[in-house]
Amino acid sequence: MTPPALLLGALESLLNRLLARDPHALAQLQALGGGVVLRLTELDWELGVYPVAHGVVLGPAERGARAQVELQTKAVFALLRDPRAGRAVPGMHVAGDAEYLQRFVEVFQGLEADLAGLLEPWLGEQAAPAAAGLRRVQGFLRRGLSGLEASGAEFLAEESRDLVPAAELEDWMREVEELDLDVERFEARLRRVERRAGHGGEPVA
Amino acid sequence: MAQDKTTHFGYEDVRWEDKARRVEQVFDSVAGRYDLMNDLMSMGVHRVWKRFAIGLAAVRPEDAVLDLAAGTGDLALAMAGRLGPRGRMTLADYNGNMLALGRDRMLNAGHSDATFVQGDAEALPFADDSFDLVTMAFGLRNVRDKDAALASIYRVLRPGGRLLVLEFSKPRNPLLARAYDAYSFSVLPRLGQAVADDADSYRYLAESIRRHPDQDTLQGMFELAGFERTQVYNLTGGIVAVHRGYKL
């Protein structure tokens, strides 16, 4: 299912306005050609992002896309928080031409969001101070979100003990692995004992 | 025979060669109060629809742009502001009075380098592959042969060029459709009578909207004309839709 057309149109307009302010990025996109299909698995949304002469077109997935990216909602939020997180984000699955995708994503990562330029048609001379204000709010929200995440994790792990701290979890995992290995060794030894007992062989050391 | 060919003018069937004249009469009559009526009828929302369409058009500074049914130049004014020195803006309209209003507004806004052409969308007087972008806001509805107009637009677009048509369409929600019908046939003619002293033209507006192809049909017509990567964007519940297609 394609996302609502109005949402796609608004997003496409915004991307194209950003690209119009960065001719180098636009030229890079055009040189890349092809396209990328994004699938948001939980929402069952699928959309294609295709470079065209004036920027990008967002629309239904078509043939000609060179890479596919499946994203769970948690991966979308992780990427919104840190657009440079790359493929290490949990809940993201990539298929197709990975090198192409890397270059495609780099074009958008390199885009400078010229907020003042975007607001200028509506706010005129007030665009620059308004953009600065928005950036402050953005920074505040980002710091707030990171702080909330860290505090929440600390509370759940240290205070309420609902979650296990990462270090304890790693220790536990290591111990489980050791136990698993020990069991395997023990089973192998038992098999050896059974084999030798069955053949009346020499005693086990 | 050609003289027996008919088309619709609102709910009325008229002779093929009469429709253009009748539409011209409508716009001659409303030209002076056109912008005011647009604001009153749509309660100002037409500006949002046009802004959305312009956003989708993604005008580049070097684009050659043709605004068809340019009327009083709402779209052309906004797009001309995004063109650079190498860009080119052409306004075309079938109706000379409407085009004169558009020309005055463009000149007053300092866009003296724009070109103004009175012409028929069905047979555009431009060379093949002349434009990067063609827009048409609230105009296709009044064209007699929409397929011919789309074919003509396709011809004048350069490969890679795009067409955007902003036009009234069919509301998707039945409740909204009923409310919209009541508004169109009861309020609009009265508003037209009160403000523009012309109820008939606004009755024609409501009727012509009902006779206009719905979203899916128009998208099919785009594809039939050769446009690819076609998309439809419903606005205000489908009362208005933007259709976009590319000549690839």
Side-chain angles (χ1 to χ4, degrees), chain A residues 1-37 45-65 108 111 114 117-124 127, chain B residues 47-65 77-84 86-87 131-135 157-164 166 169 172 215-216 219 227-248:
Chain A
M1 189 173 71
T2 314
L6 207 57
L7 179 67
L8 279 189
L11 184 60
E12 182 190 300
S13 296
L14 178 68
L15 283 175
N16 285 337
R17 291 197 71 178
L18 291 173
L19 285 165
R21 291 174 177 279
D22 190 341
H24 179 62
L26 188 58
Q28 279 182 309
L29 260 188
Q30 284 166 2
L32 279 172
V36 171
V37 172
W45 281 359
E46 181 180 79
L47 78 140
V49 186
Y50 303 97
V52 288
H54 61 267
V56 288
V57 169
L58 304 187
E62 297 173 8
R63 274 184 292 180
F108 289 97
L111 275 180
D114 178 10
L118 290 174
L119 295 173
E120 201 267 335
W122 287 279
L123 301 180
Chain B
R47 296 175 190 279
V48 180
W49 296 334
K50 287 170 182 165
R51 188 167 280 281
F52 182 82
I54 291 164
L56 279 181
V59 180
R60 291 173 301 169
E62 67 277 17
D63 273 346
V65 182
L77 267 173
M79 291 190 290
R82 297 182 182 193
L83 292 176
R86 288 196 297 139
F131 297 98
D132 300 292
L133 167 66
V134 176
T135 57
L157 271 175
R158 289 178 183 147
R162 64 259 187 224
L163 164 66
L164 267 105
L166 172 64
S169 204
R172 298 312 231 185
Q215 288 89 333
D216 295 341
Q219 188 175 18
F227 288 99
E228 294 180 55
R229 210 171 255 173
T230 59
Q231 281 175 277
V232 184
Y233 301 86
N234 283 312
L235 304 174
T236 319
I239 288 177
V240 159
V242 180
H243 284 72
R244 184 176 63 182
Y246 285 82
K247 178 178 177 178
L248 297 177

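Bear in mind that the values here come from a model prediction, so they are computed numbers and not experimental data.
A:Ala53 touches chain B through backbone and side chain together, each having a heavy atom under 4.5 Å away. Of the two parts of A:Leu58, only the backbone, made up of N, CA, C and O, holds a non-hydrogen atom closer than 4.5 Å to a non-hydrogen atom of chain B.
Between B:Gly55 and A:Ser13 the shortest heavy-atom distance is C-OG, 3.1 Å.
Close approach to chain A, defined as a heavy atom under 4.5 Å from one of its heavy atoms, is seen in B:Arg229, B:Gln231, B:Val232, B:Tyr233, B:Asn234, B:Leu235 of residues 228-235 of chain B, taken by number. Applying a 4.5 Å heavy-atom cutoff, the residues of residues 236-244 of chain B that approach chain A are B:Arg244.
Remark: A:Asn16 CG to B:Arg60 CZ distance equals 10.5 Å, nearest 0.5 Å.
Of the listed residues (A:Pro60, A:Gly55, A:Ala10, A:Gly9), the one with the most heavy-atom contacts under 4.5 Å to chain B is A:Gly9.
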